[in-house]
Amino acid sequence: MDDRDKRRVGEQIEPGGRPKAPGRLETLQRFVNTYNKDFPPAWDRLGTPAKARAWLLRKRLVAPPVRITYGDAARLRELREALRALVAANHGSAVPRDALETLRREGAGVRLRVAVGPRGATELDPVGRGPDAAVATVLEILHEAQIAGVWPRLKACRQCGYAFFDRSKNRSAAWCAMSICGNRTKNRTYRRRRVRTRAVPSSRT
Ligand SMILES: [Zn+2]
């Protein structure tokens with residue numbers, strides 16, 4: 001994959017050609033994938049207020065006119081990493097305490113209202129249009145995905161932390177794409193084993 005393609009990962013490109021998360025969960029998946037630790041920090045889509053503003057507008061998580069400060073961008077990045085930790089816990093591990101604290105703090109501060117459509121269908125809508133509304137929408141999607149039962153299928157790659165949607169029957173996928181991260185992990189294990197095997201004869205002498 002060249003740099004041009006890599007820059008599109010998380011938006012136009014899913015590693016391994018996996019289908020994206022269904023429905024609105026796609027927005028949360030894209031939010032987590034606005035950055036990947038395998039990429040240069042300059043590629044962070046929430047890395048600066050201007051970048052964060054452009055991304056949030058594109059996803060309709062905020063509406064113009066909107067101002068995103070350095071503090072807002074940092075807050076969004078912190079929420080993103082807390083969500084990544086929550087997604088990573090879908091492999092069966094505990095959720096780290098600082099991630100829970102971030103999510104609880106943000107969850108306590110959001111404002112949502114129940115909107116009723118023409119046929120009586122209800123929907124939770126964020127109040128406002130700024131960064132608070134973006135946080136509210138992301139947390140609302142998280143809640144909705146948990147109620148719908150699809151949340152456990154959103155996983156974080158064990159190698160790079162990329163959030164991918166696991167459609168496998170037994171929900172056993174561990175890497176964003178076997179061809180990239182899976183092989184990398186295997187190669188490392190293989191190299192480690194080789195080093196260990198090579199070290200054995202020398203340790204005997
Ligand atoms: Zn990966």
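Whatever order the structure lists them in is the order used to number ligands and atoms, beginning at 1.
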Apply salt bridge (charged side-chain N to carboxylate O under 4.0 Å, His left out) to Glu14 and Lys20, showing your working. CA-CA 7 Å; Glu14 279 300 297; Lys20 53 189 170 40; over 6 Å; no

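Ion pairing between Glu26 and Lys59 fails under the 4.0 Å rule for side-chain N and carboxylate O.
The Zn ion (ligand 1) has Cys157 SG, Cys160 SG, Cys176 SG, Cys181 SG as its protein N, O or S neighbours under 2.8 Å.
Under the 4.5 Å side-chain heavy-atom criterion for grouping Ile, Leu, Val, Met, Phe, Trp and Tyr, Ile141 is connected to Leu79 within one hydrophobic cluster.
For the residue pair Trp151 and Asn90, the shortest heavy atom distance occurs at O-ND2, 2.9 Å. Of all non-hydrogen atoms in Lys155 and Arg171, the two that sit nearest each other are NZ-O, 2.9 Å.
The ring pair (Phe, Tyr, Trp, His ring centres under 6.0 Å) check on Trp43 picks up Phe39, with sequence neighbours excluded.
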